[in-house]
Amino acid sequence: MRSLLALAACSLLAVLPACTQTKIIRKNSPPPVETPAEEEEDPIDVEPETDPLVIDLGEVEAGKDVSFEIPEGALGFNITVEGKVADFDQNRPFGIQRITDPKGNLVHDAFTPKGGTKETSIATFDVIASASVPQGEGVPKDLTGKWKVRFGVYGSSAKPKLKGQVRVQSSGDGAFHGGALDLYVHVPRGLQIGNRTVDASDAENDRDVSERIETFFALTSNLLGIEKGKVVYSEESGDYRELDGVEALLRGFSVSSGQKDGTQALHVLLTNLIGDQGRPFAAGISPGIPGAATIFGRNVSGIIVTTSPSVDNDVLTMLHEAGHFFGLNHTTEFDGQSSDPLSDTPVCDGISRDELYDCPDRTNIMFAAGAIDGPVTLSPMQKRVYRGSPIYRAFNAGGGSTMSFAPRAPARPSAHSLTRTFRVSGSDVLSPVERELSSGFCGLNALDTSGMVARHGRDQAIVQLTAAAADADLAPYIRGRADLALRALGAK
Ligand SMILES: [Zn+2]
């Protein structure tokens, strides 16, 4: 049986031997790139069809540096590398091995952003891997100049040819002047919020859906200066209402199929279940850190968020998963051993010792258990990572007057004060094991059953897991994970 239980974020494909053969969907090939030489010879001033902020690196052999020029005024860029399915070995996935800045300094090495402890730029859910700059430490303030990227194969010296692309985010002068995020909201037929069924064909006018979207944008506006852009609602098949198992998840990540690559937008699929063996496993999930910016219809093209009765929970989950998709790691990982690459985010030494509520990063959107206390925060470097992604439309100095965007979302004074809750009703007091399971709101947190036994003892773990699995007030993913852990322990 395929199981998500044992999955680290980078090993999902490891349980999917056939998956890459059948699940890769690519409906939109980018238009062929015209060579500049041909354009120069043309006496007529032909408008080039290529976007100056999209740099096609062509096919590059793994292990060789390829250079590219970042123009003045950039806020950041996202590099994607794509290999052939035939070249993909799930135990030795390809990815982005290193990125070198114009002065020769590495900002990304060994598939890891500088300062980081975990590889984030290896192909996991598709034959595409991506990395962003900025994503870690040591990124120069001015990005202008000749950068180098080297693709590679993780744990191997194989040298397949891989196709690379760089998509640049630019404000014209390199300073952040605000921006607008276009959001595609995919709503499956039959989606439930609380006890209500949403009319997927008219989700735009659904009060519960729009309250979540408006609150999400109130937060992006308040925290990031990124405003609500165009919001497009898309009715989807009822098959997306429950995503049980890896293949269903991959379908969910690629729900943007049919969209034009290169369009600056974020795609989010709303669903009622992110599950494993029929049990809720997470409240939200991103297919990568970062995702593949503006490449659609693939297994790395958007985030998935479950709806619950709580607006606050849903919005915090959405902003957290978007954070992964834009390039952010958890501030501190639950193993207590690793943390994000950024030096200005606090690290919680006690996270694995059941000191969740004392963690200095507990208000951070990217806290591994979600922001569990308010007001919610992002550090300056986290904001820079978010703002450097090409997923949204950055404004130029002067306020982006050449772009069409919706008026600034009304500031919701309480937007910072959203609170994550783990119970539908009653007190939010959790047992130690339940506190650990609360990290399951994010699908990138693996269920660590053996760690739980080591920390609490097998008997105590089973007692608390049994209580959690039967507690109808608890968030579904906590109950679901408790049940999955009991099965893994052979206690059910
Ligand atoms: Zn997460």
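One-based numbering, in listed order, for ligands and for the atoms of each. FYI, the numbering just counts along the sequence from 1.
Listed by chain and residue number, Cys359 satisfy the disulfide bond (SG atoms under 2.5 Å apart) test with Cys348 (two or more places apart in sequence, or in another chain).
Here the protein contributes His320 NE2, His324 NE2, His330 NE2, Cys442 SG as N, O or S atoms under 2.8 Å from the Zn ion (ligand 1).
Put simply, the side chain of Asp126 gets close to the backbone of Asn299: a donor and an acceptor are under 3.5 Å apart.
A salt bridge links Asp448 and Arg455; the closest N-O separation between the charged side-chain nitrogens and carboxylate oxygens is under 4.0 Å. Salt bridge present: Asp206 and Arg196 bring a charged side-chain N and a carboxylate O closer than 4.0 Å. At a threshold of 4.0 Å, the pair Asp483-Arg479 does not count as salt-bridged, since none of the basic side-chain nitrogens sits closer than that to a carboxylate oxygen. Looking at Asp471 and Arg423, a side-chain N of the basic residue comes within less than 4.0 Å of a carboxylate O on the acidic one, giving a salt bridge.
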